[in-house]
Amino acid sequence: ALELKLTPALVLLRSTLDQLQEKDTAKIFSQPVNLAEVPDYLEFISQPMDFSTMRTKLEAHAYCSIADLESDFELMVSNCLKYNSKDTMFHRAALHLREVGGAVLRHAHRQAQSIG
Ligand SMILES: CC(=O)c1c[nH]c2ccccc12
């Protein structure tokens, strides 16, 4: 109970990130895109993002709000939509993650308001 009182923001950020990552059932967003395997990736994507990087940033207190977490989530999804053509599993997975992730984030914003 004390931990919840002292660091409710961090607890909420962690639980939101966990819920977002659970929706990535194919685990295509778990780790950074492998630049050795995808040598042209940085020709299209200037700022790569993935869930492991988001988790490192969260634990380093780089996120001050749900909105901060949300912008890295949106960056990660839009990178995927940009790099992968429409007829790929990756592109479809990004569209799906954006939809279901949006619901998770809307709920998290409401919870953040109630924490105050
Ligand atoms: C998330 C994403 O775009 C990718 C995740 N794994 C990949 C492998 C090759 C190209 C792109 C990707």
Side-chain angles (χ1 to χ4, degrees):
L2 182 62
E3 200 233 349
L4 257 171
K5 208 157 77 65
L6 286 184
T7 57
L10 211 49
V11 168
L12 178 58
L13 282 165
R14 270 191 210 109
S15 122
T16 304
L17 181 55
D18 291 346
Q19 291 173 63
L20 290 170
Q21 187 148 22
E22 271 165 37
K23 304 296 184 187
D24 174 26
T25 51
K27 297 192 185 319
I28 71 169
F29 297 98
S30 302
Q31 297 297 323
V33 173
N34 187 323
L35 302 180
E37 290 167 8
V38 192
D40 70 343
Y41 191 70
L42 295 183
E43 288 167 35
F44 299 86
I45 301 302
S46 60
Q47 197 183 351
M49 188 49 64
D50 69 287
F51 281 127
S52 72
T53 302
M54 290 174 67
R55 198 165 296 276
T56 301
K57 286 180 73 171
L58 186 154
E59 297 304 336
H61 299 176
Y63 299 132
C64 300
S65 65
I66 294 292
D68 289 345
L69 185 72
E70 185 164 14
S71 55
D72 269 355
F73 177 76
E74 283 167 357
L75 171 63
M76 180 181 72
V77 167
S78 60
N79 286 347
C80 186
L81 294 173
K82 202 179 297 174
Y83 183 79
N84 301 284
S85 53
K86 287 198 169 172
D87 62 342
T88 62
M89 179 276 274
F90 289 152
H91 194 280
R92 271 193 296 277
L95 289 175
H96 175 70
L97 185 62
R98 188 177 64 188
E99 266 175 44
V100 298
V104 167
L105 287 158
R106 271 192 301 283
H107 182 250
H109 279 297
R110 286 197 299 275
Q111 284 185 290
Q113 282 169 343
S114 70
I115 281 178

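All figures in this text were calculated on a predicted structure; none of them were measured in a lab. Note that ligands are numbered from 1 as they come in the structure, with each ligand's atoms numbered from 1 the same way.
- Applying the side-chain contact (heavy atoms from CB on, under 4.5 Å) test between Ile66 and each of Arg110, His109, Gln113, Gln111 identifies His109 as the sole match.
- Between the side chains of Gln19 and His107, no donor-acceptor pair of N or O atoms lies under 3.5 Å.
- Here salt bridge (charged side-chain N to carboxylate O under 4.0 Å, His left out) pairs that include residues 71-81, with residues two or more places apart or in two chains, are Lys57-Asp72.
- Here ring pair (Phe, Tyr, Trp, His ring centres under 6.0 Å) pairs that include residues 70-104, with residues two or more places apart or in two chains, are Tyr41-Tyr83, Phe44-Tyr83.
- Every protein residue with a heavy atom nearer than 4.0 Å to ligand 1 is included here: Ile28, Phe29, Val33, Val38, Cys80, Tyr83, Asn84, Phe90.
- Applying the salt bridge (charged side-chain N to carboxylate O under 4.0 Å, His left out) test to residues at least two apart or on different chains, none of the pairs has a partner in residues 77-99.
- In the model, Asp50 has a side-chain atom that pairs as donor or acceptor with a side-chain atom of Thr53 under 3.5 Å.
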